[in-house]
Chemist: 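Take this structure, written in structure tokens, and hold onto it; I'll ask about it next.
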Amino acid sequence: MASSVVVLGIQWGDEGKGKVVDLLTERCEAVVRFQGGHNAGHTLVIDGHKTVLHLVPSGILRPQVRCLIGNGVVVAPDALIAELDALEGAGIEARTRLMISAACPVILPSHVALDQAREKKKGSKAIGTTGRGIGPAYEDKAARRAIRFGELLDPDSCASRVEELVDYHNFLLTERFAAKPVDVAFSVASCHSWSDALGSLVGDVSQELEDLCKFNANVLFEGAQGALLDIDHGTYPFVTSSNTTAGAAASGSGIGPLELSTVVGVIKAYVTRVGSGPFPTELFDSVGAHLAKKGHEFGATTGRPRRCGWFDAVSARRACWLNSVSSLCVTKLDVLDGLSELAICTGYRINGQVLDRPPSGAATLADCEPIYEIVPGWKESTASIRVIGELPPLARAYLNRLEELLGVPVDIVSTGPDRDDTIILRHPFPQS
Ligand code: GDP
Ligand code: IMO
Ligand code: MG
């Protein structure tokens with residue numbers, strides 16, 4: 001029996017999705033990205049060799065895997081070309097295995113300029129976006145004026161639509177933000193060159209998925225960002241501009257929701273966040289600095305330092321519900337090695353009340369005070385352990401407690417960045 005498995009982050013991104021997707025695609029025929037864009041940075045480490053992917057799905061290092069970019073993804077063609085060139089320079093056949101949905105909105109240089117101009121104007125209230133044009137590109141999609149990938153193939157009509165759109169962006173840039181306009185002719189010429197470079201990769205991803213399902217193929221749906229950055233359910237307005245939750249796997253790729261069999265929620269053994277916004281369990285002390293240093297917590301896309309804090313079961317509970325998480329993958333357990341005590345946030349206190357689910361809205365969340373349960377840490381190293389029985393008893397107790405608090409089994413544990421530094425208790429793609 002074939003499976004369609006969604007693998008997504010259930011915190012604020014950077015949970016280690018890329019590593020897990022790469023590992024699990026061993027048993028897959030295809031992997032699909034369904035939302036986000038090159039704001040994502042997914043790190044794969046194989047035998048010590050590191051690859052960071054932004055748009056290309058994390059199955060690309062497995063020669064048998066087809067990589068699909070679904071309609072829900074906003075695509076920056078220059079970034080995609082650079083990524084494909086880098087992969088091919090490293091000897092990985094990428095273009096022959098990649099398909100881009102004709103319905104993907106294109107990120108233009110003026111989207112990037114708008115993203116950065118908006119952030120600059122917000123000053124201290126900035127969201128801390130990746131500055132990649134993601135928000136403005138999704139705005140144009142919702143406003144029904146986006147240039148979609150398939151349109152690049154019709155140069156004449158594309159040129160006039162691009163002129164009109166960039167003209168509108170330039171009005172906003174100059175009149176609203178006192179920023180420099182973008183060159184219209186350059187934008188049109190870019191679209192023509194993107195068509196030449198990527199046109200042959202444009203296809204019907206939904207049909208491809210239907211065919212894969214008919215042939216009982218295993219397919220993995222790769223989330224970007226994390227549930228707490230979801231445009232509707234995250235810490236709005238400090239969120240990204242797409243739905244990052246499991247429902248988007250269907251709408252963002254072109255598959256019926258009942259085809260999806262399992263949802264694996266990837267979750268760090270602690271929490272990190274890049275950019276602004278409330279973070280109840282954030283640590284400002286030496287423990288936070290220790291986690292950042294030991295976990296190498298710097299953004300894979302922007303290189304910004306990631307804020308670090310204790311595990312938050314309150315937001316994780318909500319994320320498990322939002323995504324129908326049926327299986328947990330806990331990553332970076334090794335980063336907690338050697339700490340004498342660990343804290344787990346089991347509730348929030350606000351205005352004398354105790355909450356076991358997060359309140360809506362960033363402002364209220366910012367006023368929540370975490371309620372901690374203190375558990376003992378372990379002295380031994382868990383780094384690179386691949387068998388559950390070899391974990392120190394207190395590390396197992398920590399995982400059991402997370403399982404209890406979230407009501408979802410921990411089926412995978414990651415103990416290092418390398419593909420093989422992993423304990424798999426139950427594989428989401430059963431061996432046939
Ligand atoms: P993603 O965006 O969810 O794919 O995650 P990122 O790649 O942005 O960030 C995760 C970082 O943690 C990367 O540098 C990974 O190589 C690293 N990593 C993943 N799993 C583990 C783990 O279990 N232990 C350690 N120490 N590092 C890990
Ligand atoms: P992966 O897939 C962590 C954050 C940004 C910012 C907010 C909005 O690697 O987990 P955007 O550029 O999307 O408009 O920025 O979302 N953000 C991420 N944080 N991991 C990511 O992706 C992120 N993608 C966006 O830092 O706070
Ligand atoms: Mg990342």
Side-chain angles (χ1 to χ4, degrees), residues 7-23 33 35-46 48-55 57-58 73-74 76 107 111-112 114-116 118-119 126-139 222-231 234-242 244 266-270 272-277 279 291 293-307 329-337 381-386 412-423:
V7 177
L8 41 69
I10 56 171
Q11 292 162 323
W12 279 293
D14 302 327
E15 297 89 349
K17 300 174 290 294
K19 167 188 162 155
V20 178
V21 170
D22 164 68
L23 174 71
R33 274 281 306 270
Q35 48 69 232
H38 64 315
N39 48 353
H42 295 177
T43 314
L44 284 51
V45 182
I46 289 115
H49 183 267
K50 179 165 147 178
T51 306
V52 181
L53 299 169
H54 301 284
L55 271 167
S58 300
V73 178
V74 285
I107 301 184
H111 288 124
V112 177
L114 274 172
D115 189 2
Q116 294 176 2
R118 285 215 174 104
E119 284 284 276
I127 289 163
T129 71
T130 58
R132 301 288 196 269
I134 306 295
Y138 277 117
E139 281 172 45
E222 176 183 9
Q225 291 79 56
L228 308 181
L229 288 170
D230 184 279
I231 181 79
T235 48
Y236 192 91
F238 300 101
V239 291
T240 191
S241 295
S242 62
T244 57
V266 185
I267 191 157
K268 265 181 204 174
Y270 51 99
T272 62
R273 173 164 206 171
V274 205
S276 320
F279 179 175
L291 295 176
K293 187 158 182 245
K294 187 154 188 207
H296 302 289
E297 295 296 357
F298 292 92
T301 297
T302 57
R304 291 178 291 173
R306 296 175 182 150
R307 302 153 63 192
C329 167
V330 176
T331 61
K332 302 193 99 160
L333 186 68
D334 53 300
V335 176
L336 299 182
D337 293 351
S381 167
T382 64
S384 304
I385 287 185
R386 298 169 187 188
I412 304 175
V413 181
S414 172
T415 55
D418 213 278
R419 182 192 267 172
D420 295 326
D421 293 340
T422 317
I423 301 166

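If you read the sequence from its start, that first residue is 1, and numbering goes on from there. Every number for a ligand or one of its atoms is a count from 1 in the order of the listing.
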Chemist: Going by the atom numbers of ligand 2, which of them fall below 4.0 Å from some non-hydrogen atom of Gly275?
Modeler: 27 (O)
Chemist: If we only consider heavy atoms of Asp115, is any one of them less than 4.0 Å away from an atom in ligand 2?
Modeler: no
Chemist: Which ligand 2 atoms, with their elements, are less than 4.0 angstrom from a heavy-atom of Ile127?
Modeler: 27 (O)
Chemist: Regarding Thr415 and Asp334, do their side chains bring together a donor and an acceptor under 3.5 Å, going by distance alone?
Modeler: no
Chemist: To which protein heavy atom is atom 13 (O) of ligand 2 closest, and what is the distance rounded to 0.1 Å?
Modeler: Thr240 OG1, 2.6 Å
Chemist: Please confirm whether Gly128 comes under 4.0 Å of ligand 2, counting heavy atoms of the residue only.
Modeler: yes
Chemist: Do you know the tightest heavy-atom contact between Arg419 and Leu23?
Modeler: O-CD1, 3.5 Å
Chemist: Counting both backbone and side chain atoms, is some N or O of His42 under 3.5 Å from an N or O of ligand 2?
Modeler: yes
Chemist: Do Arg307 side-chain atoms and Gly275 backbone N/O form a donor-acceptor pair below 3.5 Å?
Modeler: yes
Chemist: Which pairs of nitrogen or oxygen atoms, taken one from ligand 1 and one from the protein, are under 3.5 angstrom apart?
Modeler:
residue	atom	partner	partner atom	Å
ligand 1	2 (O)	Asp14	OD1	3.4
ligand 1	2 (O)	Gly41	O	2.8
ligand 1	3 (O)	Glu15	N	3.1
ligand 1	3 (O)	Gly16	N	2.8
ligand 1	3 (O)	Lys17	N	2.7
ligand 1	3 (O)	Lys17	NZ	2.8
ligand 1	4 (O)	Lys17	N	3.3
ligand 1	4 (O)	Gly18	N	2.8
ligand 1	5 (O)	Gly16	N	3.3
ligand 1	7 (O)	Thr43	N	2.9
ligand 1	7 (O)	Thr43	OG1	2.5
ligand 1	8 (O)	Asp14	OD1	2.9
ligand 1	8 (O)	Gly41	O	2.8
ligand 1	8 (O)	Arg306	NH2	3.1
ligand 1	9 (O)	Arg306	NH2	3.4
ligand 1	12 (O)	Lys332	NZ	2.9
ligand 1	20 (N)	Ser414	OG	3.4
ligand 1	23 (O)	Lys332	N	2.9
ligand 1	23 (O)	Ser414	O	3.1
ligand 1	23 (O)	Ser414	OG	2.5
ligand 1	23 (O)	Gly416	N	3.0
ligand 1	23 (O)	Gly416	O	3.4
ligand 1	24 (N)	Asp334	OD1	2.8
ligand 1	24 (N)	Gly416	N	3.4
ligand 1	26 (N)	Asp334	OD2	2.8

Chemist: Any side-chain to backbone donor/acceptor pair from Arg304 onto Gly128? Under 3.5 Å, distance only.
Modeler: yes
Chemist: Contact between ligand 2 and Gly41 is defined here as a heavy atom of the residue under 4.0 Å from a ligand atom; is it met?
Modeler: yes
Chemist: For atom 18 (C) of ligand 2, which of Leu53, Val274, Ile134, Leu229 has the closest heavy atom?
Modeler: Leu229
Chemist: Quick one: does Arg132 get a heavy atom under 4.0 Å from ligand 2?
Modeler: no
Chemist: Please check: side-chain N/O of Thr331 versus main-chain N/O of Glu15, any donor-acceptor pairing under 3.5 Å?
Modeler: yes
Chemist: Do Ser242 and Gln35 get their side chains close enough for a donor-acceptor pair, meaning under 3.5 Å?
Modeler: yes
Chemist: Are any side-chain N or O atoms of Tyr236 and backbone N or O atoms of Asp230, one a donor and one an acceptor, separated by less than 3.5 Å?
Modeler: no
Chemist: Any donor and acceptor pair, going by atom type alone, linking the side chain of Lys17 with main-chain N or O of Ser58 inside 3.5 Å?
Modeler: no
Chemist: Can a donor-acceptor pair be found, under 3.5 Å and without considering hydrogens, that links the side chain of Glu297 to the backbone of Thr272?
Modeler: no
Chemist: Looking only at atom types and distance, does a side-chain atom of Thr244 sit under 3.5 Å from a main-chain N or O of Gly226, one as donor and one as acceptor?
Modeler: yes
Chemist: Given Leu333, which partner from the list Ile385, Val413, Ile423 fulfils the side-chain contact (heavy atoms from CB on, under 4.5 Å) test?
Modeler: Val413
Chemist: Just jot down the ligand 2 atoms closer than 4.0 angstrom to any heavy atom of Ala40, in number order.
Modeler: 1 (P), 2 (O), 9 (O), 22 (O)
Chemist: Side chains of Glu119 and Ile127: closer than 4.5 Å at any heavy-atom pair?
Modeler: yes
Chemist: Any N or O on Thr130 sitting closer than 3.5 Å to an N or O of ligand 2?
Modeler: yes
Chemist: Listing by chain and number, what protein N/O/S atoms are under 2.8 Å from the Mg ion (ligand 3)?
Modeler: Asp14 OD1, Gly41 O
Chemist: Does the N or O separation between Lys17 and ligand 2 drop below 3.5 Å for any pair?
Modeler: yes
Chemist: I want to check something: taking the side chain as every heavy atom from C-beta on, are Leu291 and Lys332 in contact at a cut-off of under 4.5 Å?
Modeler: no
Chemist: Can you list the ligand 2 atoms lying under 4.0 Å from a non-hydrogen atom of Trp12?
Modeler: 3 (C), 19 (N)
Chemist: I'd like to check which ligand 2 atoms, numbered from 1 as shown, lie under 4.0 Å from a non-hydrogen atom of Asp14.
Modeler: 1 (P), 3 (C), 9 (O), 10 (O), 20 (N)
Chemist: Please report which non-hydrogen protein atom sits nearest to atom 15 (O) of ligand 2, along with the residue it belongs to and the distance in Å to one decimal place.
Modeler: Thr129 CA, 3.3 Å
Chemist: Considering only heavy atoms, which of His54, Arg306, Gln225 lies nearest to atom 22 (O) of ligand 2?
Modeler: Gln225
Chemist: Should Arg304 be listed as contacting ligand 2, given a heavy-atom distance under 4.0 Å as the test?
Modeler: yes
Chemist: Does a side-chain heavy-atom distance below 4.5 Å link Gln225 with Leu8?
Modeler: no
Chemist: Is the backbone of Asp22 close enough, under 3.5 Å, to the side chain of Glu222 for a donor and an acceptor to pair up by distance?
Modeler: no
Chemist: Could you go through Thr130 and Arg132, starting from their C-alpha distance and side-chain angles, then the distance that decides it, and tell me whether this counts as side chain to side chain donor-acceptor pair (under 3.5 Å)?
Modeler: CA-CA 5 Å; Thr130 58; Arg132 301 288 196 269; 5.1 Å; no
Chemist: For ligand 2, which atoms have a heavy atom of Ala224 less than 4.0 angstrom away?
Modeler: 2 (O)
Chemist: Is any side-chain heavy atom of Thr240 closer than 4.5 Å to one of Tyr138?
Modeler: no
Chemist: Between Lys19 (side chain only) and Asp421 (backbone N and O only), is there a donor and an acceptor less than 3.5 Å apart?
Modeler: yes
Chemist: Side chain, backbone, both or neither: which part of Val239 comes within less than 4.0 Å of ligand 2 when only heavy atoms are counted?
Modeler: backbone
Chemist: If you define the side chain from C-beta out and look only at heavy atoms, does anything of Arg273 sit under 4.5 Å from Phe238?
Modeler: yes
